[in-house]
Every structure is written in structure tokens, then in C-alpha cells.
Amino acid sequence: TLPKREAATSVVTMPQLGGQRQVAPGNPFGDARTEVARRYEQLLSGWVQRNRIYPLEADQRKLQGTVVVRIRIDRQGRLLNLLVERPSPHEILNQAALETVRRSSPLPAPPVDYPGGSRLEFLIPIIYEIAG
């Protein structure tokens with residue numbers, strides 16, 4: 001489990017590429033998101049999505065779902081903590097989502113002018129859908 005959040009840590013819910021952005025309650029960023037933050041969050045989401053693992057067994061069984069993972073990184077992009085925040089109904093997809101983030105590490109470092117403290121948390125949805 002993640003240790004208690006530092007006061008300087010904010011949680012940002014990442015959009016699936018092109019999706020809506022939601023900011024967690026109490027987020028010091030407020031509604032006035034900076035262009036720097038938007039660009040970095042899009043980069044981070046895309047970085048993770050490019051490393052997505054779709055297990056062969058899940059594909060063969062036509063398993064679908066969305067797994068929301070919580071990550072904590074430092075200002076160098078190093079993964080500090082990782083957990084499943086909202087699981088899919090399929091454990092194989094939950095484990096694949098965790099492995100996706102591990103494979104994505106190190107993550108791109110946030111820009112110097114990205115708002116927040118020395119540790120940043122993000123909720124990243126990883127969607128598993130069978131194309132058809």
C-alpha cells in the first residue's frame with residue numbers, strides 16, 4: 001500500500017488519450033490547469049499506453065475491462081509506488097496493468113515547471129478492449 005500522501009503531493013486522474021481530465025478533490029491545481037501540466041499528463045498517459053500488455057490468455061478468452069492504477073513518481077520519473085486503485089473483474093488484466101506500468105519505468109520526468117511537490121501521484125486508466 002502507499003504511505004500517507006505528503007501535503008505537497010497531488011493526485012491527477014489521467015485521461016485515456018483524448019478523454020476528459022478529472023482532478024482529485026483538494027488538488028491545488030484547481031480548474032486552471034497549465035499547458036505544461038496538460039502536455040506532461042498527455043505524454044505520461046501515452047508513454048504508459050504504448051507499453052500496455054494484453055495477455056494472450058485474456059485476448060483468447062475475450063476478456064475486457066478497465067484497470068485504474070495509482071502511481072507515485074519522483075521528479076526524475078522514477079516509479080516509487082504502484083497499486084491497482086480500481087480493478088477490472090479479471091485478475092489477469094489487473095496484473096497486466098501493473099506489469100505495463102513497470103515496463104514503462106522509468107517514466108518521463110515532469111518538467112521543472114510542472115506544479116506540485118517532490119512526489120507526484122497519478123491515476124491512470126488502462127483499457128483492455130477487443131478490437132472488432
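Positions are given from 1 along the sequence.
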Going hydrophobic residue to hydrophobic residue with side-chain gaps under 4.5 angstrom, can you get from Val69 over to Leu43?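 Yes, same cluster.
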Same cluster or not: are Trp47 and Val36 linked, directly or through other Ile, Leu, Val, Met, Phe, Trp or Tyr residues, by side-chain heavy atoms under 4.5 angstrom apart?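 They do not share one cluster, since no chain of ILVMFWY contacts under 4.5 Å joins Trp47 to Val36.
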If we ignore hydrogens and angles and just use 3.5 Å, is the side chain of Thr66 paired with the main-chain N or O of Ile127 as donor and acceptor?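 Not at all, since once roles are kept as given, no pair shorter than 3.5 Å links the two residues.
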Would you give the length of the straight line joining atom [atom1] of [X] to atom [atom2] of [Y], rounded to the nearest 0.5 angstrom?
X     : Y      : atom1 : atom2 : value
Leu44 : Ile71  : CG    : CD1   : 5.0 Å
Arg78 : Ile73  : CZ    : CD1   : 10.5 Å
Asn81 : Asp74  : CG    : CG    : 10.5 Å
Tyr54 : Glu129 : OH    : CD    : 8.0 Å
Gln49 : Ile124 : CD    : CD1   : 8.0 Å
Ser45 : Gln42  : OG    : CD    : 8.0 Å

Between Ser88 and Asn94, do the side chains contain an N or O donor and an N or O acceptor separated by less than 3.5 Å?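 Ser88 vs Asn94: donor-acceptor pair found between side chains.
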Will you find, in the side chains of Glu91 and Gln95, an N or O donor that is under 3.5 Å from an N or O acceptor?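 Their side chains do contain a donor-acceptor pair, which is all the 3.5 Å distance test asks for.
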Are Arg52 and Tyr128 in a cation-pi setup, meaning NZ or CZ lies under 6.0 angstrom from the ring centre and within 45 degrees of the ring axis?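 That pair qualifies as a cation-pi contact.
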Heavy atoms only: give me the nearest [X]-[Y] pair and the separation to one decimal.
X      : Y      : result
Leu120 : Pro115 : CD2-O, 3.9 Å
Pro125 : Leu123 : CD-O, 3.7 Å
Ser104 : Val48  : OG-CA, 3.5 Å
Leu98  : Leu83  : CD2-C, 4.0 Å
Gly116 : Arg75  : O-NH2, 3.0 Å
Ile53  : Ala96  : O-CB, 3.7 Å

